[in-house]
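Order of listing sets the numbers, starting from 1, for every ligand and every atom in it. Just so you know, these numbers come straight off a predicted model, no measurement behind them.
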Amino acid sequence: MPNSSSRRAILRLGVAAGLVTPAALYAQHDHGQPAPAAGRGQNPGADHDHDHGSTTAAAEPEYTGSRKLAPLSTLPSGQPLPPLPKLANTSKERGKFAAALTAAPHSVEWVKGQPTQTWAYNGSLPGPLIDVTEGDRIDIRFNNKLAEESTIHWHGVPTPADQDGNPPDVVAAGKERHYGYLLPAGSSGTHWYHPHPHERTGAQVLRGLAGAFIVRPQNDPLAHLPEQNLFISDLRLADDGNIPPNTRMDWMNGREGQFVLINGAYQPRIAVGGTQRWRIWNACSARYLRLSLGGLPFTLAGTDGGLLAAPVDGLTELLLTPAQRVEIIVHPPQDGAARNVELQALPYNRGGMGPATRPQPPRVLATVNFAARGKRLAVPQQLRSIEPLGQPTAYHRVLMTELMDMDTMRATPGGPYSKFRGLYFLLNGQRYDMKRIDINAEVNAVEQWEVTNLSSMGMDHPFHVHGDPFQVIEREFEGKRTPEPLLAWRDTVNIRAGETVRFKMVQKHVGLRMFHCHILEHEDLGMMGNLMVKA
Ligand code: C2O
Ligand code: CU
Ligand code: CU
């Protein structure tokens with residue numbers, strides 16, 4: 001990680017260049033004033049400051065509720081980790097998975113007498129777990145009972161492009177559609193699903209729309225291990241039960257809440273009687289999770305796109321950015337003694353501005369109860385084979401920057417959730433435009449991407465590409481190139497401020513894909529591009 005002095009240096013540069021005035025970011029929304037039309041700055045993003053034909057972008061009503069946070073005692077802690085409810089298969093046919101997912105408002109009484117309006121899939125927070133196997137045929141009917149358009153994006157699942165819930169393929173309020181696709185060989189992994197409508201992904205995910213999607217390999221070398229799913233999400237709850245909309249600081253840094261939930265539960269208890277296989281999802285909008293198990297060593301067995309070639313033993317922490325997933329193996333302690341340890345998120349400086357980015361104390365996510373004399377199960381030393389992708393036939397370059405146009409910001413007193421003007425997150429100097437193709441790729445070809453984070457605020461960005469996964473090959477920071485030690489399938493990779501990451505990938509379907517920062521506020525403010533995969 002860049003040390004704090006280099007982060008400060010990057011920040012000073014941004015301020016000196018007139019791009020950043022920290023004080024302006026602290027302003028909360030002013031109520032009751034209509035947002036004036038945005039001024040046109042001379043920055044490269046401003047020419048795209050129109051509506052992109054979106055009908056729901058301005059639909060967010062003025063927020064009149066409380067912004068004061070509900071105290072941590074609002075949610076009960078210490079309860080057994082609830083399992084993720086499974087989405088039931090309604091098909092009798094072998095190899096077919098059919099089900100329905102309905103996105104709808106869902107009321108939960110967290111604050112007594114003041115129910116919270118969440119948005120949920122099938123009334124479940126998080127959404128129900130889809131648990132399927134490579135080779136299965138998926139047929140899901142999506143029913144959109146929200147008051148605005150939505151999609152379901154199958155994050156990490158290599159679906160055909162027209163089944164992937166892209167922003168242009170929205171399902172209007174009150175309408176439904178089918179998503180149908182075959183899970184090809186090699187699609188196993190710890191995936192997930194969430195909405196992806198233009199400029200509204202963050203707004204829909206933070207209210208509860210996200211769920212887990214496990215694709216199992218045909219032959220699973222870890223099938224003998226008991227499993228535990230940890231789907232981690234973030235919740236900001238006001239003392240009146242409202243989920244308040246974003247502040248300017250949220251738009252800048254990405255939104256974090258006072259609660260981190262696992263399978264919807266606050267600081268649950270996880271019982272470990274013997275060796276277990278844990279799948280962990282970071283489904284937070286912006287929160288980085290530097291996970292530790294009270295210093296106990298654990299084994300890394302898989303990443304976003306499934307198992308590693310061989311397990312990596314002896315880790316005591318790992319960094320999971322928003323949208324990343326891992327599989328780890330947790331063994332009972334060697335001495336056979338019962339003990340309770342804390343699953344923690346250790347402090348991690350991901351840059352940005354303001355008090356929210358100051359080093360935080362470690363945060364307890366769960367308590368893990370190891371039983372006495374827990375049974376240790378053997379883990380094979382070979383999990384699968386991963387072939388390194390070969391010589392690239394094309395190269396793509398992406399630069400990540402952000403820009404603040406102070407004149408526009410000052411002229412915009414607040415405005416609805418999706419219209420924070422004057423703040424731009426850019427890829428190759430441009431905001432996302434649904435109609436513009438940013439990168440052309442060839443189907444089934446090895447192509448190398450080079451993504452550089454030039455954040456003037458010293459901010460990390462987790463970079464994600466839709467479709468097929470990639471292999472990170474190298475990182476470059478302060479002139480030093482480091483080959484990636486781990487050969488693994490990923491679809492999201494952290495890029496530190498000032499860092500360049502190179503990865504190779506093969507897209508196996510033709511059609512339109514997105515690539516973007518998976519801090520959802522950055523994505524919604526434009527840090528996304530279109531990839532067209534051609535035959
Ligand atoms: Cu979780 Cu565009 O992705
Ligand atoms: Cu995705
Ligand atoms: Cu970002």
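A centroid separation of 6.0 Å or more is found between the aromatic rings of H155 and H466. Note: F231 and W281 meet the aromatic proximity criterion, with ring centroids under 6.0 Å apart. Checked against the 6.0 Å centroid criterion, the rings of H194 and H518 qualify as a close aromatic pair. Ring to ring, Y121 and H106 are not that close: their centroids are 6.0 angstrom or more apart. In this structure, the ring of F470 has its center no less than 6.0 angstrom from the ring center of W489.
Of all the N, O or S atoms in H522, the one closest to the Cu ion (ligand 3) is ND1.
Ring geometry for Y288 against Y348 counts as parallel: the plane angle stays under 30°, on a 0 to 90° scale with 60° as the upper cut.
Using a 4.5 Å heavy-atom cutoff, the side chains of F503 and E450 are not in contact.
Counting only protein atoms, the N, O or S atoms lying less than 2.8 Å from the Cu ion (ligand 2) are H153 NE2, H464 NE2, ordered by chain and residue number.
The SG atom of C517 and the ND1 atom of H461 meet at the Cu ion (ligand 3) at an angle of about 120°, given to 10°. Here the angle at atom 2 (Cu) of ligand 1 defined by NE2 in H196 and NE2 in H466 stands at 100°, rounded to 10 degrees.
Residues E148 and R200 are paired through a salt bridge, judged by an N-O separation under 4.0 Å between the basic side chain and the carboxylate.
Residue side and main chain included, H518 places no N/O/S atom under 2.8 Å of atom 2 (Cu) of ligand 1.
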